[in-house]
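Note that ligands are numbered from 1 as they come in the structure, with each ligand's atoms numbered from 1 the same way.
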Amino acid sequence: MVRGIWLSLSAVPFVAGAVIQEVLQDLRPKASSWAGSTTAFVFPPANVTATIPDPNFPDATQIDEFGPTATGDEAASIETAPSIAKVDSIFPLIRPGSRKSSDFEVLRHLGSLTPIVSNDADTFGLPHSSPVIPDECKLKQAYLLHRHGARYPPEGAEPGLFASKLHAAATGAGFSATGPLAFLNEWTYKLGAEILTPFGRKQLYDLGVGFRVSYGFLADAGTSTERMVDSALQFAAGFFGVQSYQTSYHQQIDINAHGFNTTLAPFRTCSNVFTNVAAYAGQRANEWARIYTRPIIKRLSKHIKGVDLTSTDVMAMQQACAYETVALGYSSFCGLFKKNEWKEFEYYDALIFWYAFGPGGPATAAQGVGWVQELLSRLTQTRITNFDSSVNSTLASSNITFPLNQPIYVDATHDIVVSSILVAMNFTSLAASGPLPSTYMPDDQSWITSQIVPFATRLVGQVLSCHADDEPTHIRFMLNDAVLPMTGIKGCKANKHGLCAFDDFITGMQARVDEIDFQFDCFANYTIPVHDSIVDGRFPQHLR
Ligand SMILES: *[C@@H]1O[C@H](CO)[C@@H](O)[C@H](O)[C@H]1NC(C)=O
Ligand SMILES: *[C@@H]1O[C@H](CO)[C@@H](O)[C@H](O)[C@H]1NC(C)=O
Ligand SMILES: *[C@@H]1O[C@H](CO)[C@@H](O)[C@H](O)[C@H]1NC(C)=O
Ligand SMILES: *[C@@H]1O[C@H](CO)[C@@H](O)[C@H](O)[C@H]1NC(C)=O
Ligand SMILES: *[C@@H]1O[C@H](CO)[C@@H](O)[C@H](O)[C@H]1NC(C)=O
Ligand SMILES: *[C@@H]1O[C@H](CO)[C@@H](O)[C@H](O)[C@H]1NC(C)=O
């Protein structure tokens, strides 16, 4: 068997916000001027070619003496350690407190703008589970599907629009901000657009290092080459080390643009997402936003003159807390809001995802199903023959662009794609608390985007052999280190370690693929039922 590691990603550093943005843009004023700097740093400068090696600077081979270079055995902590190391550091960000309760962890309640931390074992209902391989089993294969690290907001997103609004007010007469908002008198907008922040790069580098320590033994050595971008590059640098990451793995870059099929950006080939689905989700979420921001507007308006604060402005300030913290390390906006107001903001994010890219969306499973078809293809080493979703038949049919014999597969993608795939796979515990109301926030919530799609979120699949004959016998998945129950998948039995028998999983997942109607859910002209009857990401059968 060729040992290798296979990374795929969608090439444009595209973001969830951006899809919603693209759809909702017409509803919003366009940014005209900016409060702060918006110029981008460009490297290399015009007409300069950066080359490596650079003849002006000697490389390491010219250093006389190297010390010992023995590398040691590959780490296998996922099999050998009694527990896993949790992602629990946000270094070098400054931990913000909320208004009135400084011990409340604001950074854990920012929805899809949350920097990843490991979920506790009981997050999805399996308190006695652990990602560590059970004693009687061996790891055969690993799958990693991850989101990019922390990034700047999309062009035209709320924080920038808010900055423009302030800027316009501040250049006119009568603007003043006092008390908790006094910092706005000096505040300028310093965020870039779309690209990873330095902290975001570190998150993916850490993911690479972490994955190497846990799973490195599966991939004794990488083989051939391709170039790489952004998050995948940081992951590779972390996994392989900066000396060899450029030559140690295969990378497949899928084109992420309208008109191209790719399972890592499937919303591009699912036109209903851009029309009624996103609009409906935006409508539900905005209904909630108007409700929860009302008391905040009242409180903060006392401290600002010359600007009429709106619901969008409040959310812009909450987003600014998130974006400034992951980009600049600290944000004065975080301390403006109380604990419950952060939870309400988090709930807004849950609503968007639930109705557009979650269990409540009519085209969610359709968006995720292409990746599931590819997963089945990889698991069974069988080529896909039915191209009826977002799979690119050219790519998926080739041993070169879609090998079926790798011990590790790594796919880099976006928050909305991870959430769509989770729904396509029928991890129904995420939908256990039912449809999300847009007029109040329920106490019991199973769909919490801070846990599901934070920056650098990761879905890991483990294929295990728990018999002497070494054949795969079981499979399971964990989301940010918490094992997911598979009881929503036909044929998978309840298991405290979240394991499903390998063959049952294949049969159940094939049944799930078969029940998802990509063509109808993505292209049919339907009205989304308003009574919240959708819970598994498909347009209801009985309304077709
Ligand atoms: C870059 O090179 C082009 C073509 O030689 C020239 O027209 C242009 O002025 C140069 N730009 C800069 C910034 O030097
Ligand atoms: C499929 O992938 C190939 C190779 O990247 C590309 O040339 C082609 O345009 C893609 N087709 C579609 C429909 O996305
Ligand atoms: C792209 O997806 C569409 C829709 O499922 C499908 O009809 C078409 O065959 C696919 N094209 C390729 C090259 O995979
Ligand atoms: C792909 O690889 C498999 C297994 O090595 C082989 O049987 C098959 O012929 C190859 N297909 C092509 C198109 O090369
Ligand atoms: C997926 O989950 C839904 C319930 O949410 C269930 O009706 C359906 O049978 C499940 N599909 C499979 C194939 O397990
Ligand atoms: C979709 O259906 C509605 C209501 O039946 C109709 O008014 C509209 O023209 C249809 N749109 C398209 C693109 O067919």
> Between Trp288 and Tyr347, is a ring-ring contact (aromatic ring centres under 6.0 Å, His included) present by the stated rule, with each step listed?
Replying inline: CA-CA 9 Å; Trp288 168 244; Tyr347 188 63; 5.4 Å; yes
> Counting heavy atoms only, which part of Thr428 comes closer than 4.0 Å to ligand 5: side chain, backbone, both or neither?
Replying inline: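 Side chain only.
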> Run the side-chain contact (heavy atoms from CB on, under 4.5 Å) check on Ile489 and Arg512 step by step: do they pass?
Replying inline: CA-CA 8 Å; Ile489 299 158; Arg512 177 65 177 158; 6.0 Å; no
>> If I apply the N/O under 3.5 Å rule, does Lys490 come out as touching ligand 5?
In response: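 Yes, there is a polar N/O contact under 3.5 Å.
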>> Is there a polar contact, in the sense of an N or O pair closer than 3.5 Å, between Gly488 and ligand 5?
In response: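 Yes, at least one N or O pair falls under 3.5 Å.
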Under a 4.0 angstrom heavy-atom cut-off, which atoms of ligand 5 come close to [X]?
{"X": "Gly508", "answer": "13 (C)"}
{"X": "Asn426", "answer": "1 (C), 2 (O), 3 (C), 8 (C), 10 (C), 11 (N), 12 (C), 14 (O)"}
{"X": "Glu515", "answer": "1 (C), 8 (C), 10 (C), 11 (N), 12 (C), 13 (C)"}
{"X": "Ile489", "answer": "14 (O)"}
{"X": "Asp536", "answer": "3 (C), 5 (O)"}
{"X": "Arg512", "answer": "1 (C), 13 (C)"}

> Going by an N to O cut-off under 4.0 Å, is there a salt bridge joining Arg538 and Asp536?
Replying inline: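 A salt bridge is present here (some side-chain N lies under 4.0 Å from a carboxylate O).
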> Can Lys140 and Asp470 be counted as an ion pair, charged N to O under 4.0 angstrom?
Replying inline: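 A salt bridge is present here (some side-chain N lies under 4.0 Å from a carboxylate O).
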[atom1]/[X] to [atom2]/[Y] distance, rounded to the nearest 0.5 angstrom?
{"X": "Leu543", "Y": "Ser533", "atom1": "CG", "atom2": "OG", "answer": "6.0 Å"}
{"X": "Glu158", "Y": "Met315", "atom1": "CD", "atom2": "CE", "answer": "5.5 Å"}
{"X": "Leu144", "Y": "Tyr409", "atom1": "CG", "atom2": "OH", "answer": "13.5 Å"}
{"X": "Ser397", "Y": "Ile384", "atom1": "OG", "atom2": "CD1", "answer": "7.5 Å"}
{"X": "Glu341", "Y": "Tyr292", "atom1": "CD", "atom2": "OH", "answer": "8.5 Å"}
{"X": "Phe427", "Y": "Thr487", "atom1": "CZ", "atom2": "OG1", "answer": "10.0 Å"}

So, is [X] polar-close to ligand 3, with some N/O to N/O distance under 3.5 Å?
{"X": "Thr394", "result": "no"}
{"X": "Phe518", "result": "no"}
{"X": "Ser393", "result": "yes"}

>> Heavy-atom contact check, 4.0 Å cutoff: does Leu395 meet ligand 3?
In response: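 It does not; every heavy atom stays at 4.0 Å or beyond.
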>> Heavy-atom contact check, 4.0 Å cutoff: does Thr269 meet ligand 3?
In response: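 Contact check Thr269 vs ligand 3: negative.
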> Considering the options Phe274, Tyr355, Tyr526, which one meets the ring pair (Phe, Tyr, Trp, His ring centres under 6.0 Å) requirement together with Tyr280?
Replying inline: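 Among Phe274, Tyr355, Tyr526, the one meeting ring pair (Phe, Tyr, Trp, His ring centres under 6.0 Å) with Tyr280 is Tyr355.
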> Are any of the side-chain heavy atoms of Val460 and Phe477 separated by less than 4.5 Å?
Replying inline: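 In short, these two side chains do not touch, never coming nearer than 4.5 Å.
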Are any protein N/O atoms closer than 3.5 Å to the N/O atoms of ligand 6? If there are, list each pair with names and the distance to one decimal place.
unit_1: ligand 6; atom_1: 2 (O); unit_2: Asn525; atom_2: OD1; d: 3.4
unit_1: ligand 6; atom_1: 2 (O); unit_2: Asn525; atom_2: ND2; d: 2.4
unit_1: ligand 6; atom_1: 11 (N); unit_2: Asn525; atom_2: ND2; d: 2.7
unit_1: ligand 6; atom_1: 14 (O); unit_2: Asn525; atom_2: ND2; d: 3.2

> Is it the side chain (CB and beyond), the backbone, both or neither of Ser390 that lies under 4.0 Å from ligand 3, heavy atoms counted?
Replying inline: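 No part of Ser390 is near ligand 3 at this cut-off.
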>> Looking at every heavy atom in both Gly156 and Leu161, which two are closest together, and how far apart are they?
In response: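 Where Gly156 meets Leu161 most closely, the heavy atoms are O-CD1, 3.6 Å.
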Any idea which atoms of ligand 3 are less than 4.0 Å away from a heavy-atom of [X]?
{"X": "Val391", "result": "14 (O)"}
{"X": "Ser389", "result": "2 (O), 3 (C), 4 (C), 5 (O)"}
{"X": "Gln519", "result": "4 (C), 5 (O)"}

>> Tell me whether the NZ or CZ atom of Arg544 lies within the 45° cone about the ring axis of Phe520 and under 6.0 Å from its centre.
In response: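 Yes, a cation-pi geometry holds between Arg544 and Phe520.
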> What's the verdict on side-chain contact (heavy atoms from CB on, under 4.5 Å) for Asn392 and Phe402, showing C-alpha distance, side-chain angles and the deciding distance?
Replying inline: CA-CA 10 Å; Asn392 179 322; Phe402 198 82; over 6 Å; no
